[in-house]
Amino acid sequence: MSVLDTPVAPAARPAAGADGEGLVPVFVRLKLTLLRNGLRQSSGRRAVYIFSVVLTLLFAAGQLIALAALRGHAQAGSLTVLLTGVLALGWAVMPLFFPSGDETLDPSRLVMLPLRPRPLVGALLVASLVGIGPLFTLCLAAGSAFSVAHGAAAVVCAVVAVPLTLVVCVALARAVATANTRLLSSRKGRDLAVLSGLVVAVGIQVVNFGAQRLGRSGGLATLDPAADVVRWLPPASAIGAVDSAAQGSYGRAVAQLLLSVAALGALVWLWQRSLVKLMTAPDGSTLAAAGTAREKSGKGGSRLSALLPEGRTGTVIRRSLRYVARDPKTKAAWVTALAIGLIVPLLNAVQGTGSVYFACFAAGMLGIQMYNQFGQDTSAFWMVALTISSTRDAYLELRGRATALLVITLPYTVLVTVVTAAVLGDWEKLPGAIGLSLALLGAMLATGALASANFPYSIPQDSGFKNVAPGQAGLAWISIFGGMVSAAVLCAPVIVATIWLHLVDAEGWLWVLLPVGSAYGALVAWAGLRLAAPRTANRLPEILAAVSKG
């Protein structure tokens, strides 16, 4: 039994927790205090926060102006309803991507406090309204309501619809976050968060695809069929109610408002129920049969070992592949890279606007996984560091990690290129595209090894979605983006050769790029590993300190 179910003596019960009276201002002050104290920790954090606030306000102001300009447009209702629906979807999925984005409202930290669920939910809901996200949502909802509110009835409806939209979005985010707290914090359950990478990849490309189709259609009228459905889905139904009231459909407006009110009640109830379960029930998500898991792991490990070379290289390959299969962060990065690497060239090919060379995007996305190799080990890198006593040890370590990456990347890159060529029907350019992709992959392996040795940074383990420790964002930018630019420069000879063959109408010779690109990529990758090995061996203490910071 938890403190949520244990009655508290009247003399010992806090004034704020009796019936929730005074609990709301306490939580609001708590959030503001923790936010202020967090900003005091470093000037970099203050600068980032101020920059994000200014950027959000500018973007919100731009949205307000754009929505105000839509006032009187025939399709203003359809556009605002869909915009509100997309905004609500963002509130629903963001807790899965950034569960620690608002650490001041983490319900698991309140387990030992004598607080009842109902007043606690109310206080958390009000405190959740303090922040950049709610401010942006309020501006967007107000602008959407203003663009469709015509007449006194619509204005009165908008006064109710705007705050209702905001509260429903916040309640939706909190209900999702609370329901998934244990899912994202347990090892086995956290693996399901890998799907978030697919959601992001697919979602961004679907939006991009829709925007391009909308641009080619020549008008906003194509939004009407989708809007007719979304306007009955909360909280978009609240903005739809304003539009209905402006058109004189008062009964429909009332029904749409009631839908949002009912959704708010259901979300609060689900939130409260999840909160009680979180703070009273034991966590059984990691109580699976450990013996069975170990047996499966042992059998799988023996089969894998038979396929790998002996010595340090095989050991490193096996360890790296196990990180991909077991570590939630590593797995999420790989799944996201695999999904985006396929979706970008494929969607462009389906639209008929792409090129077979877009498949190089797959090699680029997977090549990024070579960067910050030692940071992926976090503080456990000290065990690896103990085994590196010479430049040769460092070279074998880097070579094993690069080989593990190639085990997945090579066949995947070829597959994406073949699929893209098949969709486009452009088989003549397939060998050249594969050769260019392999050259790019080799260049990224080389620059990734050098970046791992020169610019290592820590990946915090206290959160499933923080990828850079505080104070190391600059190192991450230099490592990834600097390395990508360097990889493009290294790959320039193959790029120039590809362009030249097209310019001189010698596309029949593109097949030469397949062996040339493969050999060039292998040579560049070997040279990069050779150059990074002595740097790694000499900088082991600095690397260990950097990757252990988080």
Side-chain angles (χ1 to χ4, degrees), residues 304 307-324 327 329-330 333-334 337 363-410 413 438-459 475-476 478-480 482-484 486-487 489-491 518-548:
L304 180 62
L307 300 175
L308 297 178
E310 297 182 357
R312 186 186 185 103
T313 300
T315 301
V316 174
I317 295 173
R318 183 163 54 251
R319 185 212 315 144
S320 299
L321 293 178
R322 283 182 175 174
Y323 276 161
V324 175
D327 181 62
K329 281 191 175 182
T330 305
W334 271 96
M365 287 300 301
L366 296 179
I368 294 176
Q369 308 306 314
M370 187 63 188
Y371 293 84
N372 196 34
Q373 277 291 311
F374 307 128
Q376 296 175 11
D377 295 354
T378 63
S379 57
F381 177 68
W382 71 270
M383 292 186 291
V384 177
L386 290 177
T387 66
I388 299 177
S389 58
S390 64
T391 299
R392 175 167 177 76
D393 291 337
Y395 171 73
L396 293 176
E397 177 72 24
L398 290 170
R399 188 180 68 179
R401 292 173 183 254
T403 305
L405 188 143
L406 289 174
V407 168
I408 302 174
T409 304
L410 273 178
T413 300
L438 296 181
L440 176 61
L441 180 60
M444 296 197 73
L445 291 179
T447 56
L450 290 168
S452 297
N454 291 290
F455 305 107
Y457 56 90
S458 176
I459 301 177
L475 286 174
I478 294 174
S479 175
I480 297 177
M484 291 173 64
S486 301
V489 173
L490 287 175
C491 198
S518 303
Y520 183 80
L523 179 63
V524 170
W526 173 82
L529 295 177
R530 283 293 184 184
L531 291 174
R535 187 65 174 166
T536 300
N538 296 331
R539 296 192 73 247
L540 280 178
E542 292 88 344
I543 295 174
L544 182 58
V547 302
S548 302

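In this chain, residues are counted from 1 in sequence order.
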* To do: With the side chain counted from C-beta on, respond yes when I408 and V324 share a heavy-atom pair under 4.5 Å apart, and no when they do not.
  => yes
* Asked: Measuring from L531:CG to R535:CZ, what's the distance to the nearest 0.5 Å?
  -> 11.5 Å
* Where is the tightest heavy-atom contact between L405 and L366, given as atom of each residue plus distance? -> CD1-O, 3.8 Å
* Does T387 reach the side chain of R312, with side-chain heavy atoms less than 4.5 Å apart? -> yes
* For T313, does its backbone N or O pair with a side-chain atom of R318 as donor and acceptor, under 3.5 Å? -> no
* **Residues L396, V316; criterion side chain to side chain contact (heavy atoms under 4.5 Å, CB included); working and verdict** => CA-CA 8 Å; L396 293 176; V316 174; over 6 Å; no
* I543: what forms a side chain to side chain contact (heavy atoms under 4.5 Å, CB included) with it, not counting sequence neighbours? -> F374, F381, P456, T536, R539, V547
* OG1/T409 to CE/M370 distance, rounded to the nearest 0.5 angstrom? -> 10.5 Å
* To do: Rounded to the nearest 0.5 Å, what's the gap from OG1 on T403 to CG on L321? Could you check?
  => 10.0 Å
* Closest non-hydrogen atom pair, A525 against A446 -> CA-CB, 4.1 Å
* Does D377 use its side chain to pair, donor to acceptor, with the backbone of V384 at less than 3.5 Å? -> no
* **Verdict with supporting geometry, R399 and W526, side chain to side chain contact (heavy atoms under 4.5 Å, CB included)** => CA-CA 8 Å; R399 188 180 68 179; W526 173 82; over 6 Å; no
* Mind checking whether L410 and L441 have side chains closer than 4.5 Å, heavy atoms only? -> yes
* Looking only at non-hydrogen atoms, find the nearest pair between A394 and A533 and report the distance. => CB-O, 3.3 Å
* Atom CG in N454, atom OG1 in T447: separation rounded to 0.5 Å? -> 11.5 Å
* Nearest atoms (heavy-atom pairs only) where A449 meets G528 -> CB-O, 4.4 Å
* To do: Could you check if a side-chain atom of M484 sits within less than 4.5 angstrom of a side-chain atom of I368, using non-hydrogen atoms only?
  => yes
* Would R401 and S452 count as having a side-chain donor-acceptor pair, cut-off 3.5 Å? -> no
* Going through the distances and angles, do R392 and E397 end up as a salt bridge (charged side-chain N to carboxylate O under 4.0 Å, His left out)? -> CA-CA 9 Å; R392 175 167 177 76; E397 177 72 24; over 6 Å; no
* Inter-residue atom distance L438.CG - Y520.OH, 0.5 Å rounding -> 13.5 Å
* Check side-chain hydrogen bond (donor to acceptor under 3.5 Å, both in side chains) between R530 and all other residues, then give those that pass, not counting sequence neighbours. => none
* Structure fact -> When every non-hydrogen atom of G364 is compared with those of L440, the smallest separation belongs to N-CD2, 4.1 Å
* How many angstroms lie between atom OG1 of T413 and atom CG of L406, to the nearest 0.5 angstrom? -> 9.0 Å
* **Over all atoms of both residues, closest heavy-atom pair of L445 and A402** => CD2-CB, 4.4 Å
